[in-house]
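The first residue in the sequence is number 1, and the count goes up from there. In this text the structure is predicted, and so the values were computed from the model without any measurement.
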Amino acid sequence: PYGERPIIVPVPTSVTGISRPRLVINDWYYKENPDENDFTGTVIPSDYLKYEMEVAEWGHRTPNCITAFMQRVSVPAEFDGHRVIIRFNGTTHESRLYVNGHFVRRHWGSYGSWTADITEHVTPGKEVLVALRMDQRPIGVAAYVRYSGNIYEDSELFAVPQQYIERLRIHTDLDAAYEDATLQLWVKT
């Protein structure tokens, strides 16, 4: 009932043909109880405030509301021909990600990392509006979580090859004597 299992694409240390495959996103703007139309545009509305991570970490914001976070991000031109991934390293409650006004995906959780492939919604060499709608109302299981809807860590934008590993599972069955084994690998690309 709380959405799909999180996909966490590993952040690469290097990607062939790209000098800097990873960008940190940490200069967010926010608004409590935003207008739902805020998520369909490509500009940050003028009534949004600069987000102060230090204050937010201590929860000095209004609880029990919906909060919007927005940031304009320049997608490097050298990301062309690669998949573009965004990673959030700490959000709380229900999050809905929008890129240039398009809904991308939903995530539910607190403090957990999650990623989204946003390639279809960006153009390398141009700016993109990243918007995150966080519902921190105490509904359902959220009534038992005591954190306000915040972005707690730096977020990241990075490039990966067109084919990349999204999930990997390894299972080993050993025989009774622990001499022989069967190794099974499941890979989702």
Side-chain angles (χ1 to χ4, degrees), residues 1-11 22-75 83-122 127-158 166-167 188:
Y2 292 103
E4 65 186 54
R5 194 166 129 200
I7 296 168
I8 305 172
V9 177
V11 179
R22 176 185 165 266
L23 304 172
V24 173
I25 307 169
N26 60 10
D27 293 324
W28 295 94
Y29 291 85
Y30 82 100
K31 180 180 176 183
E32 293 175 355
N33 299 309
D35 184 302
E36 289 302 314
N37 292 328
D38 289 357
F39 301 101
T40 61
T42 57
V43 297
I44 300 172
S46 61
D47 58 343
Y48 275 56
L49 304 171
K50 184 79 169 157
Y51 181 62
E52 301 293 335
M53 294 277 288
E54 298 78 22
V55 172
E57 287 177 9
W58 296 101
H60 292 244
R61 293 200 4 263
T62 307
N64 307 329
C65 71
I66 293 173
T67 305
F69 291 88
M70 293 190 181
Q71 181 53 277
R72 293 204 55 80
V73 179
S74 293
V75 180
R83 305 301 296 179
V84 180
I85 310 294
I86 191 164
R87 177 179 171 129
F88 294 94
N89 291 309
T91 62
T92 55
H93 299 357
E94 184 202 30
S95 300
R96 293 182 190 178
L97 174 64
Y98 297 83
V99 176
N100 274 345
H102 300 279
F103 174 75
V104 176
R105 71 166 293 202
R106 178 178 177 254
H107 171 77
W108 201 99
S110 291
Y111 283 108
S113 296
W114 57 282
T115 58
D117 187 327
I118 61 172
T119 308
E120 307 307 319
H121 305 288
V122 302
E127 274 195 344
V128 62
L129 179 68
V130 175
L132 198 59
R133 177 192 184 274
M134 284 195 217
D135 188 339
Q136 59 189 13
R137 295 174 296 174
I139 300 170
V141 74
Y144 301 98
V145 181
R146 295 186 178 256
Y147 302 106
S148 60
N150 287 317
I151 297 175
Y152 287 95
E153 301 287 337
D154 288 339
S155 303
E156 301 166 282
L157 186 74
F158 59 92
E166 187 176 287
R167 290 190 192 276
K188 181 180 179 189

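Separating the OH atom in Y48 from the CZ atom in F69 is a distance of 10.0 Å, to the nearest 0.5 Å. Rounding to the nearest 0.5 Å gives a distance of 10.5 Å between CZ of F39 and CG of L97. Between D135 atom CG and T67 atom OG1 the span is 9.0 Å, to the nearest 0.5 Å. Within the model, atoms CG of L49 and CH2 of W28 stand 15.5 Å from one another, a figure rounded to the nearest 0.5 Å. With values rounded to the nearest 0.5 angstrom, I8 atom CD1 is found 13.0 Å from I85 atom CD1. Separating the CE atom in M134 from the CZ atom in F88 is a distance of 7.5 Å, to the nearest 0.5 Å.
Looking only at side-chain heavy atoms (C-beta outward), M70 and V130 stay at 4.5 Å or farther from each other. Residues E120 and V104 have side chains not in contact (no heavy-atom distance under 4.5 Å, counting atoms from C-beta outward). R133 is listed as a side-chain neighbour of Y98, based on a closest heavy-atom distance under 4.5 Å. Side chains of D38 and E36 form no contact here, defined as non-hydrogen atoms less than 4.5 Å apart. Between F158 and L23, the closest side-chain pair of non-hydrogen atoms is not below 4.5 Å. No side-chain heavy atom of R87 sits less than 4.5 Å from a side-chain heavy atom of S155. Contact check for E127 versus V73: no side-chain heavy atoms found under the 4.5 Å cut-off. By the 4.5 Å heavy-atom criterion applied to side chains, H107 and R96 are not counted as neighbours.
A distance-only check finds no donor-acceptor pair linking the side chain of D154 to the backbone of I25 [under 3.5 Å]. The backbone N or O of L129 sits less than 3.5 Å from a side-chain atom of N100, completing a donor-acceptor pair. The backbone N or O of D117 lies less than 3.5 Å from no partner atom in the side chain of R105, so there is not a single donor-acceptor pair. Within the 3.5 Å criterion, the main-chain N or O of I86 finds no donor-acceptor partner in the side chain of T115. Side chain of R72 to backbone of T42: a donor-acceptor contact under 3.5 angstrom is found.
Side chains of T91 and W114: a donor-acceptor N/O pair is present below 3.5 angstrom, by distance only. For the residue pair N26/Y51, the side-chain donor-acceptor check at 3.5 Å is not satisfied.
Remark: of the listed residues V24, I118, V128, I118 is the sole one forming a side-chain contact (heavy atoms from CB on, under 4.5 Å) with L157.
Under a cut-off of 6.0 angstrom, the local environment of OH in Y29 is sparse, with at most 12 non-hydrogen atoms contributed by other residues, nucleotides or ligands.
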